[in-house]
Amino acid sequence: MALSLLDQKIVSALEADARMSFAALAEIVGLSKTPCWKRVKALEEAGIIRGYRTMLDAALLGFGLEAFIQVSIDFELSEAFEAAVRRHPLIWRCHATTGEADYLLHIVATDMNALDRILRQELCRLPGVKRTSTSMSTREIKSDISFADAARHVGKENGQ
């Protein structure tokens with residue numbers, strides 16, 4: 001769905017601060033409160049706005065280590081693997097991938113000993129796991145994207 005300029009302003013403002021009031025949002029985008037609320041509801045119903053969440057700092061919560069694990073599995077067990085991944089509390093993100101590995105996991109751990117335990121006692125025992133390869137994050141360079149800005153960028157590339 002292509003966003004109108006007004007919808008782009010709305011999602012951009014909400015990406016920056018999802019806690020702002022409808023009155024403040026309406027003022028930023030140049031609408032009155034009720035039409036602004038209706039536009040936001042339409043964006044939610046269309047699935048463009050999927051929800052609102054609080055972003056927490058993993059390191060300040062004691063998760064000082066992030067790792068990326070490439071996982072190769074027995075594909076007969078892919079559904080069970082994916083279900084187990086969804087339930088695991090330390091797997092932050094999981095992507096099905098092309099290339100040598102079948103999945104890429106992004107996990108958090110408190111320290112190196114915890115990561116070793118997670119790898120040896122938990123991840124290797126997930127359904128269908130045949131092989132893993134782990135890379136450590138030494139520091140974060142970028143952790144966020146403005147999808148409103150990305151949509152504008154793509155629109156410019158396409159002459160819109």
Side-chain angles (χ1 to χ4, degrees), residues 1-71 78-97 101-119 121-123 125-127 129 132 134-155:
M1 172 180 170
L3 295 180
S4 69
L5 290 175
L6 183 58
D7 291 337
Q8 288 179 20
K9 287 180 182 178
I10 289 171
V11 297
S12 183
L14 288 174
E15 277 186 321
D17 181 5
R19 292 182 55 169
M20 76 172 62
S21 68
F22 279 108
L25 179 61
E27 185 175 326
I28 288 170
V29 302
L31 285 176
S32 61
K33 187 176 169 182
T34 300
C36 182
W37 176 83
K38 287 180 179 178
R39 296 292 288 244
V40 170
K41 291 298 170 195
L43 291 166
E44 291 172 349
E45 288 171 10
I48 291 170
I49 297 175
R50 297 188 323 185
Y52 304 87
R53 63 175 16 152
T54 300
M55 294 176 64
L56 302 176
D57 188 306
L60 292 177
L61 290 170
F63 297 102
L65 195 63
E66 292 181 36
F68 298 89
I69 298 123
Q70 293 180 316
V71 181
S78 64
E79 288 183 27
F81 172 81
E82 290 177 11
V85 163
R86 285 185 192 98
R87 289 189 305 270
H88 198 290
L90 299 176
I91 298 174
W92 192 345
R93 300 183 74 115
C94 174
H95 294 270
T97 59
D102 302 311
Y103 295 91
L104 179 65
L105 306 179
H106 182 183
I107 72 164
V108 294
T110 54
D111 56 30
M112 193 61 90
N113 287 334
L115 176 64
D116 183 64
R117 185 190 54 73
I118 293 163
L119 291 170
Q121 296 177 16
E122 297 177 35
L123 296 183
R125 294 182 179 163
L126 293 179
V129 171
T132 64
T134 304
S135 297
M136 304 296 302
S137 172
T138 58
R139 62 187 171 106
E140 183 177 86
I141 309 301
K142 182 178 179 181
S143 66
D144 201 7
I145 181 174
S146 165
F147 285 102
D149 288 346
R152 277 193 295 277
H153 180 79
V154 170

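Both backbone and side-chain heavy atoms feed into the values below; hydrogens, waters and symmetry mates do not.
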Take Leu6 and Val29 through the test side chain to side chain contact (heavy atoms under 4.5 Å, CB included) and record every step on the way to the result.
-> CA-CA 7 Å; Leu6 183 58; Val29 302; 3.9 Å; yes
Name the atoms and distances for all side-chain donor-acceptor pairs under 3.5 Å in residues 101-108, with sequence neighbours left out.
{"from": "Asp102", "atom 1": "OD2", "to": "Ile73", "atom 2": "N", "distance (Å)": "2.7"}
{"from": "Tyr103", "atom 1": "OH", "to": "Glu82", "atom 2": "OE2", "distance (Å)": "2.5"}
{"from": "His106", "atom 1": "NE2", "to": "Glu66", "atom 2": "OE1", "distance (Å)": "2.6"}

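- The side chain to side chain contact (heavy atoms under 4.5 Å, CB included) check on Ala114 picks up Ala109, Thr110, Asp111, with sequence neighbours excluded.
- Taking both residues in full, the closest heavy atoms of Arg39 and Leu31 are given as CG-CD1, 4.1 Å, listed atom of the first, atom of the second, then distance.
- Listed by chain and residue number, nothing satisfies the side chain to side chain donor-acceptor pair (under 3.5 Å) test with Gln121 (two or more places apart in sequence, or in another chain).
- One finds the SG atom of Cys94 at 5.5 Å from the CZ atom of Phe81 (value rounded to the nearest 0.5 Å).
- Put simply, CD1 on Ile91 and CG on Leu126 are 5.5 Å apart, with the number rounded to the nearest 0.5 Å.
- If you take CG on Leu123 and CG on Leu90, they are separated by 8.5 Å, rounding to the nearest 0.5 Å.
- Legend: salt bridge (charged side-chain N to carboxylate O under 4.0 Å, His left out) pairs involving residues 136-151, not counting sequence neighbours, sorted by first then second residue: Asp149-Arg152.
- With sequence neighbours excluded, no residue satisfies salt bridge (charged side-chain N to carboxylate O under 4.0 Å, His left out) with Glu15.
- Among residues two or more places apart in sequence or in another chain, the side chain to side chain contact (heavy atoms under 4.5 Å, CB included) test is passed with Leu60 by Asp57.
- The nearest pair of heavy atoms linking Ser137 to Phe68 is CB-CE1, 4.0 Å.
- Environment of CE in Met112: sparse, with no more than 12 heavy atoms of neighbouring residues, nucleotides or ligands closer than 6.0 Å.
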Report the C-alpha separation of Thr132 and Gln70 in whole Å, then their side-chain angles, then the decisive distance to 0.1 Å, and conclude whether the side chain to side chain contact (heavy atoms under 4.5 Å, CB included) test is met.
-> CA-CA 5 Å; Thr132 64; Gln70 293 180 316; over 6 Å; no
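- With sequence neighbours excluded, the residues forming a salt bridge (charged side-chain N to carboxylate O under 4.0 Å, His left out) with Asp116 are Arg120, listed by chain and number.
- The neighbour count for Phe147 CZ, taken as heavy atoms of other residues, nucleotides or ligands under 6.0 Å away, does not exceed 12.
- The CD1 atom of Ile10 sits 9.0 Å away from the CZ atom of Phe22 when rounded to the nearest 0.5 Å.
- Side chain of His95 to backbone of Thr97: no donor-acceptor contact under 3.5 angstrom is found.
- Leu3 has its side chain within reach of Leu43: a pair of non-hydrogen atoms, C-beta onward, lies under 4.5 Å apart.
- Under the side chain to side chain contact (heavy atoms under 4.5 Å, CB included) criterion, Ala24 pairs with Met20, Ser21, not counting sequence neighbours.
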Passes side chain to side chain contact (heavy atoms under 4.5 Å, CB included), Lys33 versus Leu25? Steps please.
-> CA-CA 8 Å; Lys33 187 176 169 182; Leu25 179 61; over 6 Å; no
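- With sequence neighbours excluded, the residues satisfying side chain to side chain contact (heavy atoms under 4.5 Å, CB included) with Arg19 are Asp17.
- Legend: residues meeting side chain to side chain donor-acceptor pair (under 3.5 Å) with Thr34, ordered by chain and number and at least two apart, are absent.
- Summarising the local packing, CD of Gln8 is surrounded by more than 12 heavy atoms from other residues, nucleotides or ligands at distances under 6.0 Å.
- With sequence neighbours excluded, the residues forming a salt bridge (charged side-chain N to carboxylate O under 4.0 Å, His left out) with Glu44 are Lys41, listed by chain and number.
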What's the verdict on side chain to side chain contact (heavy atoms under 4.5 Å, CB included) for Val85 and Val71, showing C-alpha distance, side-chain angles and the deciding distance?
-> CA-CA 11 Å; Val85 163; Val71 181; over 6 Å; no
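- Listed by chain and number, the residues in a salt bridge (charged side-chain N to carboxylate O under 4.0 Å, His left out) with Arg53 amount to none (sequence neighbours excluded).
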